[in-house]
Amino acid sequence: MDYNFREIEQKWQKHWKENAVYKVLNNSNKPKYYVLDMFPYPSGAGLHVGHPLGYIASDIYSRYKRLQGFNVLHPMGYDAYGLPAEQYAIQTGQHPEKTTFDNIARYRSQMDKIGFCYDWSREVRTCTPDYYKWTQWAFLQMFKHYYDKDADKALPIDNLIKIFEKEGNAKVNAATNFDTTFTAAEWNAMTDKEKRAVLMNYRIAYKADTMVNWCPKLGTVLANDEVSDGLSVRGGFPVEQKVMSQWCLRVSAYAQRLLDGLEKIDWTDSLKETQRNWIGRSEGAEMRFRIDGTDDYFTVFTTRADTTFGVTFMVLAPESEYVAKVTTDKQRQEVEKYLDAVKRRTERERIADRKVSGVFSGSYAVNPFTGDKIPVYISDYVLAGYGTGAIMAVPAHDSRDYAFAKHFNLPIIPLIEGCDVTNESYDAKEGVMCNSGFLNGLQVKEAIAAAKKYISEKGIGKVKVNYRLRDAIFSRQRYWGEPFPIYYKDGEPFPLDESELPLKLPEIDSYLPTETGEPPLGHAKNWNTKEGYPLELNTMPGFAGSSAYYLRYMDPTNNNALVSKDANNYWRNVDLYIGGTEHATGHLIYSRFWNKFLFDLGYICEDEPFKKLINQGMIQGRSNFVYRVVGTNKFVSLGLKDQYQTQEIHVNVNIVKNDILDTEAFKNWMPDFKNAEFILEDGKYVCGWAIEKMSKSMFNVVNPDDIVENYGADTLRLYEMFLGPIEQSKPWDTNGIDGVHRFLKKFWGMMFSGDELTISDAEPTAEELKILHQTIKKITFDIEHFSYNTSVSAFMICVNELSRLKCNKRAVIEPLIILIAPFAPHIAEEMYHLLGHDTTVCDASFPICNEKYLVENTVKYPISFNGKTRFTLELSADASKEDIEKTVLANEQTAKFLNGGSPKKVIVVLGRIVNIVI
RNA sequence: GCGGAUGUGGCGUAAUUGGUAGCCGCGCUAGACUUAGGAUCUAGUGUCUUGCGACGUGUGGGUUCGAGUCCCGUCAUCCGCACCA
């Protein structure tokens with residue numbers, strides 16, 4: 001009987017759907033296991049063959065865990081808010097919801113064809129009010145909480161108000177940029193408006209004037225992770241720095257916990273390292289420098305307090321608020337000229353062109369260690385966003401300061417014995433200090449500690465840990481996102497009441513900014529509260545909806561909570577999360593932050609959302625080329641192309657097989673090629689190839705639907721896994737797919753002889769059992785280690801060997817079917833059914849390896865010499881002592897080891913050689 | 001510059017974790033069955049050599065009886081961060 005995969009797959013997909021086979025309940029005696037895929041943004045292009053890679057891997061693991069008796073939560077949904085749908089709406093006027101839902105339908109049908117075991121009853125879409133109600137709810141919680149550094153958690157802002165009323169803010173240790181101290185009396189004397197302004201500095205979701213990444217082309221601000229090399233990640237448009245009043249999330253308050261949390265989760269080292277870099281912890285000191293001739297100070301952050309004796313000038317970032325204070329009248333014109341020039345450069349230009357520039361402010365600062373007067377400069381090599389936006393410059397030991405000093409001819413004082421700073425700075429933290437007063441003679445590391453101690457003791461500054469991680473800019477001037485549950489009264493923001501959620505996204509006529517430059521929501525009619533107060537016009541960014549979606553799957557229809565306590569206590573957090581590395585510094589930071597915040601408030605029971613994370617590699621495209629003889633309509637095969645002058649043309653990979661062009665299909669592919677002629681080699685047209693990104697323009701997009709149509713979903717699933725290790729990026733190459741398809745046919749054929757189903761109930765032989773149990777052992781090990789490519793190989797070997805033995809015994813084939821079910825569920829289901837079962841294969845139990853069938857007929861003998869295992873001899877299990885000794889003498893390795901001499905004695909204990917005496 | 005990862009046949013990869021390098025698959029070669037083959041089956045397929053045999057895991061050293069695997073250096077590719085003080 002032929003392996004009719006089309007019929008089998010349709011039949012079982014229908015059965016699974018109709019019987020809700022993969023529906024999961026929130027209560028079970030079984031242990032839970034939560035397997036999650038990063039939900040996709042449904043783009044208009046649909047899924048290509050690379051997208052399901054991670055989904056297949058997680059599906060295999062889900063099915064495996066289920067077969068092992070776990071209650072497995074394996075949901076799927078859509079990250080439905082996003083720029084492309086909105087850009088499309090601007091171009092076509094079509095409502096982004098329409099496009100998004102159409103795309104979702106397409107995604108769903110593509111996914112369904114692959115036979116995933118998602119519990120679709122739990123589907124979430126971030127753009128539906130039922131869902132974003134909880135995104136808005138979380139935002140309100142963030143608005144109503146502040147971060148207490150002593151408690152090291154988020155606490156209600158009401159608590160803070162009580163403290164202010166009782167004792168002011170002097171003892172409050174909270175995450176804030178607010179540095180004014182007030183007493184209880186001062187607080188109580190403030191107007192409500194003043195109080196709200198103060199509190200805004202403490203809220204975890206707060207509105208502030210901040211330097212933002214403004215993308216004029218997209219008409220919106222972007223978060224740091226949405227900008228790369230001064231260009232927007234989406235669209236690649238230039239981004240500039242600009243001060244705007246924006247909603248922000250105080251992610252930085254969680255920097256240390258986000259860092260510490262990495263220790264207890266099972267992610268790859270490289271991903272953890274990426275997050276550590278992004279968080280960017282650095283230990284140092286904050287130091288105050290007095291501005292000469294005034295009582296004013298400014299503060300710098302440094303990790304090299306030990307080099308303070310070598311500070312020969314100071315530098316401020318152009319955007320620093322100190323700039324105005326230190327600029328003297330004499331220098332004003334020049335400073336303004338410089339600031340203007342800096343302002344006009346985009347971030348991108350600033351990065352591209354790093355030649356030294358700067359201007360003297362006219363003021364001097366006083367070095368707190370030496371009392372020397374040192375000039376204060378302004379330069380764009382100092383970033384406003386990091387530390388305090390001001391630095392102490394140590395040209396001898398910092399390459400950037402060095403370049404600046406050389407350019408402006410400023411003094412360079414070496415501080416480490418024997419270092420040579422005539423041509424470059426000495427940046428290494430090694431050596432013995434000199435020219436450094438009380439630090440002389442110390443090693444650099446000792447000096448850093450001593451200098452920090454001195455700074456604290458003398459009140460010059462304090463020891464400080466700085467993080468690169470910035471607060472997340474949380475507003476976007478776009479339409480297609482979650483509305484903020486915020487309204488304005490006298491220009492001041494107020495939160496809506498939780499009972500008013502969800503605040504639904506209104507319909508608008510135009511998706512462009514308003515004429516007055518307001519975001520698109522400015523077009524909405526009646527965009528007010530009941531009382532007539534205007535609502536916030538910004539919407540939330542893409543990461544808002546994806547930050548807690550994993551919690552919502554636990555309890556997707558709950559109208560009273562994001563997730564009920566019971567559901568959360570049962571499912572806890574994600575055991576296995578699979579997705580791409582591109583979210584390393586975006587989603588994976590934000591959702592950890594979001595989760596920790598909800599954890600602080602006691603709504604959820606786990607501090608980290610994703611216990612284990614696997615990054616599937618990217619699937620690149622494998623493009624094919626034809627070679628057109630220049631100026632003709634002749635196409636020459638790859639091997640002969642050097643004899644002509646040719647032009648390389650991308651050809652649709654779907655009309656090429658094994659790099660051989662289907663010439664007829666080529667003629668029909670495009671009108672231009674209708675009369676194409678071919679110069680063949682060996683009667684074939686051989687195409688060239690290259691690995692490129694999978695994209696329409698390269699004609700190398702392979703659609704999973706086509707593979708399913710031609711080979712079946714099971715073949716697609718197996719082949720994607722067979723391609724190589726899951727974490728590795730690799731090109732898609734349909735060429736090898738016949739191999740796994742053949743394997744499935746062979747596997748199918750094991751149950752038939754001709755068209756007749758032939759299953760024997762005979763006892764399996766020892767050899768058959770050994771093959772089976774070896775395979776069980778190998779597959780179990782491989783699945784546990786996510787080594788699916790070797791699993792597929794193991795299946796192939798197993799089926800080859802059993803076919804060779806013509807094994808058609810139920811006792812062998814049935815466990816094998818269950819073993820293979822996670823990988824190729826449709827064929828397994830059908831075969832399981834043919835064996836007479838009326839339950840589905842996913843209710844079976846995963847086979848367990850019985851070691852007794854694996855007993856080797858050889859035994860390994862480790863050979864020790866002088867107490868150290870030297871090598872291993874492999875002998876037949878029933879070898880006698882004499883056999884062993886004889887083998888030892890005859891063994892080439894042993895002979896080499898013994899260096900030609902013969903052993904006086906071979907000591908054998910319990911049939912095991914433990915020592916050889918020469 | 002800092003950090004992470006990877007280098008094995010024509011190609012994708014594997015190697016019981018220090019023990020016969022190249023499993024499995026693609027491709028290729030030959031053969032069988034076929035009107036036919038882009039179907040199926042069988043055998044072969046790292047390189048050099050007629051052969052015996054020698055060489056062989058980017059590269060150079062080292063440790064070891066034994067190294068793809070461990071150590072030191074070096075080259076190449078990919079990724080992350082980057083005027084971060």
Side-chain angles (χ1 to χ4, degrees), chain A residues 228-229 268-282 284-285 300-305 307 315 317 350-351 354-356 379-383 385-394 397-401 403-404 427 466-470 581-582 584-585 615 617-618 622 657-660 662 684 689 718-719 722-725 727-743 745-746 749 774 777-778 781 787 789-800 803 860 862-863 865 868-874 891-899:
Chain A
S228 175
D229 290 334
T268 59
D269 289 341
S270 70
L271 186 56
K272 286 187 188 181
E273 203 53 36
T274 302
Q275 291 214 339
R276 283 191 198 105
N277 280 338
W278 190 257
I279 296 166
R281 180 191 158 103
S282 64
V300 301
F301 174 76
T302 180
T303 54
R304 294 295 301 273
T307 59
V315 188
R350 192 163 155 170
I351 292 166
R354 286 186 180 170
K355 69 172 189 273
V356 177
S379 171
D380 67 356
Y381 86 86
V382 174
L383 304 177
Y386 184 76
T388 61
I391 62 155
M392 58 180 225
V394 187
H397 302 291
D398 181 288
S399 54
R400 297 152 302 178
D401 298 343
F404 195 85
D427 292 12
N466 225 329
Y467 299 91
R468 203 187 71 94
L469 184 69
R470 320 257 33 99
T581 31
E582 67 271 21
T585 54
N615 296 116
M618 294 262 278
R622 187 177 187 280
K657 187 161 183 187
N658 291 344
D659 293 336
I660 308 295
D662 179 337
K684 293 172 187 164
W689 59 272
L718 279 171
Y719 186 56
F722 183 68
L723 225 40
E727 307 211 53
Q728 202 168 298
S729 284
K730 57 224 154 197
W732 175 265
D733 182 357
T734 309
N735 288 346
I737 200 165
D738 290 321
V740 287
H741 191 63
R742 253 196 292 276
F743 153 74
K745 278 199 242 180
K746 204 175 210 176
Q774 264 174 351
K777 188 176 183 182
K778 171 82 176 141
F781 182 88
S787 177
N789 56 331
T790 55
S791 308
V792 180
S793 297
F795 283 130
M796 289 180 176
I797 295 166
C798 177
V799 167
N800 280 341
S803 298
K860 284 181 180 169
I863 297 185
F865 180 61
K868 203 175 145 195
T869 301
R870 295 301 195 160
F871 50 91
T872 312
L873 277 186
E874 202 165 330
N891 185 275
E892 193 190 339
Q893 278 186 322
T894 324
K896 209 163 153 192
F897 162 56
L898 297 171
N899 225 358

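First the proteins, then the strands, lettered A, B, ... as listed; each starts at 1. Note that this is a predicted model, so its numbers are computed, not measured.
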Taking the side chain as everything from C-beta on, heavy atoms only, tell me whether [X] gets closer than 4.5 Å to [Y].
X	Y	answer
A/Asp398	A/Arg304	no
A/Tyr719	A/Trp732	yes
A/Val740	A/Met796	yes
A/Met392	A/Asp401	no
A/Lys272	A/Gln275	no

Starting at [atom1] of [X] and ending at [atom2] of [N], how long is that distance when rounded to a whole Å?
X	N	atom1	atom2	result
A/Arg470	B/rC81	CZ	P	16 Å
A/Gln728	B/rG7	CD	P	8 Å
A/Ile737	B/rG27	CD1	C1'	16 Å
A/Asp427	B/rG1	CG	C1'	9 Å
A/Tyr467	B/rA85	OH	P	14 Å
A/Leu469	B/rG80	CG	P	19 Å
A/Glu727	B/rG4	CD	P	17 Å
A/Arg276	B/rG4	CZ	C1'	11 Å

Tabulate atom names and distances for all N/O pairs under 3.5 angstrom spanning the protein and nucleotides 38-44 of chain B.
residue : atom : partner  : partner atom : Å
B/rU40  : OP2  : A/Arg742 : NH1          : 3.3

Is [N] paired to anything, Watson-Crick or G-U wobble with both distances less than 3.5 Å, and if yes, which nucleotide?
N	value
B/rG38	none
B/rU20	none
B/rG7	B/rC75
B/rU57	none
B/rC28	B/rG44
B/rG51	none
B/rA14	none
B/rC70	B/rG62

Among the nucleotides [options], which one has an atom lying closest to any side-chain atom of [X]?
X	options	answer
A/Asn735	B/rC26, B/rC83, B/rG80	B/rC26
A/Arg468	B/rA85, B/rC24, B/rC81	B/rC81
A/Asn277	B/rA85, B/rC81, B/rC24	B/rC81
A/Met796	B/rA85, B/rG25, B/rG4	B/rG25
A/Thr790	B/rA14, B/rA85, B/rC24	B/rA14
A/Phe722	B/rA14, B/rG80, B/rG25	B/rG25

Syn/anti label of B/rG62 as read from its glycosidic torsion, with the cut at 90° from 0: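 Anti.
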What's the base orientation of B/rU16: syn (chi within 90° of 0) or anti?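 B/rU16: anti.
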Within a reach of under 6.0 Å around NZ of A/Lys777, are more than 12 heavy atoms found that belong to other residues, nucleotides or ligands?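 Not buried by this count: 12 neighbours or fewer within 6.0 Å.
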When all nucleic acid strands are considered with a 4.0 Å heavy-atom cut-off, which category describes [X]: base, sugar-phosphate, or nothing?
X	answer
A/Ile797	sugar-phosphate
A/Asp269	nothing
A/Asn800	sugar-phosphate
A/Pro731	nothing

Write down the distance separating the [atom1] atoms in [N] and [M], rounded off to the nearest Å.
N	M	atom1	result
B/rG12	B/rC78	P	16 Å
B/rU6	B/rC71	P	12 Å
B/rG68	B/rU57	C1'	5 Å
B/rU20	B/rG46	C1'	15 Å
B/rG9	B/rA5	C1'	24 Å
B/rU63	B/rC48	C1'	31 Å
B/rU16	B/rG22	C1'	15 Å
B/rC2	B/rG61	C1'	27 Å

Which comes earlier along RNA chain B counting from the 5' end, the contact point of A/Asn789 or that of A/Tyr386, where each point is its nearest nucleotide?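 Final value for this comparison: A/Asn789.
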Residue-phosphate contact under 4.0 Å: A/Ser282 side-chain N/O, B/rA85 OP1/OP2: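 For B/rA85, OP1/OP2 do have a side-chain N/O of A/Ser282 under 4.0 Å.
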For the pair A/Asn466 (side chain) and A/Ser282 (backbone), establish whether a donor and an acceptor sit closer than 3.5 Å, ignoring hydrogens and angles.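 Flag not set: sc A/Asn466 to bb A/Ser282 has no pair under 3.5 Å.
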Donor-acceptor contact below 3.5 Å, side chain A/Tyr386 vs main chain A/Arg468: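 The answer is no, because no donor-acceptor pair under 3.5 Å joins these two groups.
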In a check of side chain to side chain contact (heavy atoms under 4.5 Å, CB included) between A/Val382 and each of A/Thr388, A/Val300, A/Ile391, which one passes?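 Considering A/Thr388, A/Val300, A/Ile391, a side chain to side chain contact (heavy atoms under 4.5 Å, CB included) with A/Val382 is found only for A/Ile391.
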Quick check: closest heavy atoms across A/Leu383 and A/Ala317, and the distance to 0.1 Å?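 Minimum heavy-atom contact is C-CB, 3.8 Å.
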Classify the ring geometry between A/Tyr381 and A/Phe404 as parallel (under 30°), tilted (30 to 60°) or perpendicular (over 60°).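 Correct class here is tilted.
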